[in-house]
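The basis for the numbers below is simple: all heavy atoms, side chains too, and nothing from hydrogens, waters or symmetry mates. Counting begins at 1 with the first residue of the sequence.
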Amino acid sequence: MTSLPHVTAPSLSQLTGITHGFFGRQGGVSEGIYESLNVGAGSDDDPDSVIENRRRIAVEIGADGADKLLSCHQCHSADALLVRGPFSDKPKGDAMVTKVPGLALAILTADCVPVLFADPDARVIGAAHAGWKGGLGGIIEATVEAMEAVGADAGRIVAAIGPAIGQASYEVGPEFRDRFVEDDLENDRFFTVGNGDRSQFDIQKYVHARLIRSGISRVDLIAHDTCVMETEYFSNRRRNRRGEPDYGRNASVIMLNDA
């Protein structure tokens, strides 16, 4: 083990046969604005550095090789993919589900909400990328449905919401708020008054509510603000505020161990 810095969720940590971790920007080899554990192959970082960073995470999580650390081509969709083995060409989607031991499902984020799922009895795991579009579009529900299709039960699923942008950092315009309220009047509770016509959106609590509505009763919330915690996490919004040309990606990973 490399003792790569990461945080874990209490409920997932109590499950036997399942390894997980929320990895930030510490412990890698990337330099400059990507310092140091950038795992985003879509960034303009040195590809060899990204490969090495992904290898380090694979080792830390216990995967048998970096090819077992799987991430999809995230596109803010509501598509959950069933994964049966390693792949070289990343399929488009924003969640992955598997029953296969040794496959490490990795969600990449830089402010969006990563969610890890596990049904320990059915031995089914999942990982989802919930940006505001995917969250509103149903990526949480799609992940739960994909897990149930291979034997999981929502009532048994344990979920954990990883580091993401916090409400104090997430300023949005009136048209953004209107979109959520039009979808469900109760969504107004996730907004507080900001400056002028602006609002502050609590996307972490919003995703939490979607999880509960999906029938999941055990949900951990890490409650780390990626935008504020500069030493620990990459953040696209922080990058935009500073006018930087690009940004790194954090990794949230879950894997079934051999029975």
Side-chain angles (χ1 to χ4, degrees), residues 1-9 19-76 86-96 103-116 127-131 160-166 169-170 222-255:
M1 300 293 282
T2 63
S3 298
L4 205 61
H6 65 281
V7 297
T8 56
T19 307
H20 79 287
F22 296 99
F23 298 84
R25 66 182 303 168
Q26 299 177 345
V29 299
S30 295
E31 300 177 346
I33 60 174
Y34 306 107
E35 185 182 0
S36 66
L37 192 67
N38 173 35
V39 293
S43 70
D44 292 328
D45 193 5
D46 176 9
D48 289 339
S49 295
V50 173
I51 290 171
E52 171 59 17
N53 290 337
R54 290 177 66 92
R55 186 197 69 79
R56 292 187 179 196
I57 291 177
V59 170
E60 181 69 24
I61 212 73
D64 184 20
D67 63 319
K68 301 297 197 316
L69 183 70
L70 307 178
S71 51
C72 50
H73 180 182
Q74 297 170 187
C75 51
H76 299 280
F87 46 74
S88 54
D89 295 328
K90 293 182 180 179
K92 284 189 175 182
D94 285 270
M96 295 173 288
L103 298 182
L105 308 182
I107 291 297
L108 310 189
T109 60
D111 284 333
C112 290
V113 182
V115 187
L116 301 180
H129 160 249
I161 296 171
I165 192 167
S169 302
Y170 202 175
I222 300 299
H224 285 184
D225 185 342
T226 49
C227 188
V228 169
M229 300 175 69
E230 179 176 358
T231 302
E232 292 84 3
Y233 301 109
F234 295 109
S235 166
N236 185 34
R237 179 152 294 216
R238 186 174 63 236
R239 181 276 296 224
N240 282 327
R241 290 175 178 172
R242 294 181 175 176
E244 294 173 343
D246 198 13
Y247 57 99
R249 277 69 160 180
N250 311 299
S252 301
V253 187
I254 189 166
M255 186 183 76

[atom1] of [X] to [atom2] of [Y]: how many Å apart, nearest 0.5 Å?
X      : Y      : atom1 : atom2 : result
Arg25  : Met229 : CZ    : CE    : 12.0 Å
Ile33  : Arg242 : CD1   : CZ    : 11.0 Å
Leu108 : Arg54  : CG    : CZ    : 6.0 Å
Ser43  : Phe234 : OG    : CZ    : 8.5 Å

_Among Lys90, His129, Arg249, exactly one meets side chain to side chain contact (heavy atoms under 4.5 Å, CB included) together with Ser71. Which residue is that?_
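With Ser71 as partner, side chain to side chain contact (heavy atoms under 4.5 Å, CB included) holds for just one option, Lys90.
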
*Mark yes when over 12 heavy atoms from residues, nucleotides or ligands other than Asn240 sit less than 6.0 Å from its CG; otherwise mark no.*
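Yes, CG of Asn240 has more than 12 neighbouring heavy atoms, counting only those of other groups under 6.0 Å.
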
*asked:* Using side-chain heavy atoms (C-beta onward) and a distance below 4.5 Å, is Cys227 in contact with Arg241?
replied: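 Heavy-atom side-chain distance check passes, below 4.5 Å.
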
For the residue pair [X] and [Y], what are the closest heavy atoms and their distance?
X      : Y      : answer
Phe22  : Ser252 : CD2-OG, 3.1 Å
Ile107 : Asp94  : CD1-O, 4.2 Å
Thr109 : Pro163 : OG1-O, 4.4 Å
Lys68  : Ala63  : CB-CB, 4.0 Å

*With distance as the sole criterion, is a donor-acceptor pair present between the side chains of Asp46 and Tyr34 under 3.5 Å?*
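Judged by distance alone, the side chains do not pair up.
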
*Please check if any side-chain donor atom of Asn250 sits under 3.5 Å from a side-chain acceptor atom of Thr226, or the reverse.*
no

*May I ask you to say whether Lys92 pairs ionically with Asp89, meaning some side-chain N is under 4.0 Å from a carboxylate O?*
no

*Could Glu52 and Arg56 be called an ion pair, given the rule that one side-chain N must be under 4.0 Å from one carboxylate O?*
yes

*Can you check side chain to side chain contact (heavy atoms under 4.5 Å, CB included) on Asp225 and Ile165, steps first, answer last?*
CA-CA 5 Å; Asp225 185 342; Ile165 192 167; 4.1 Å; yes

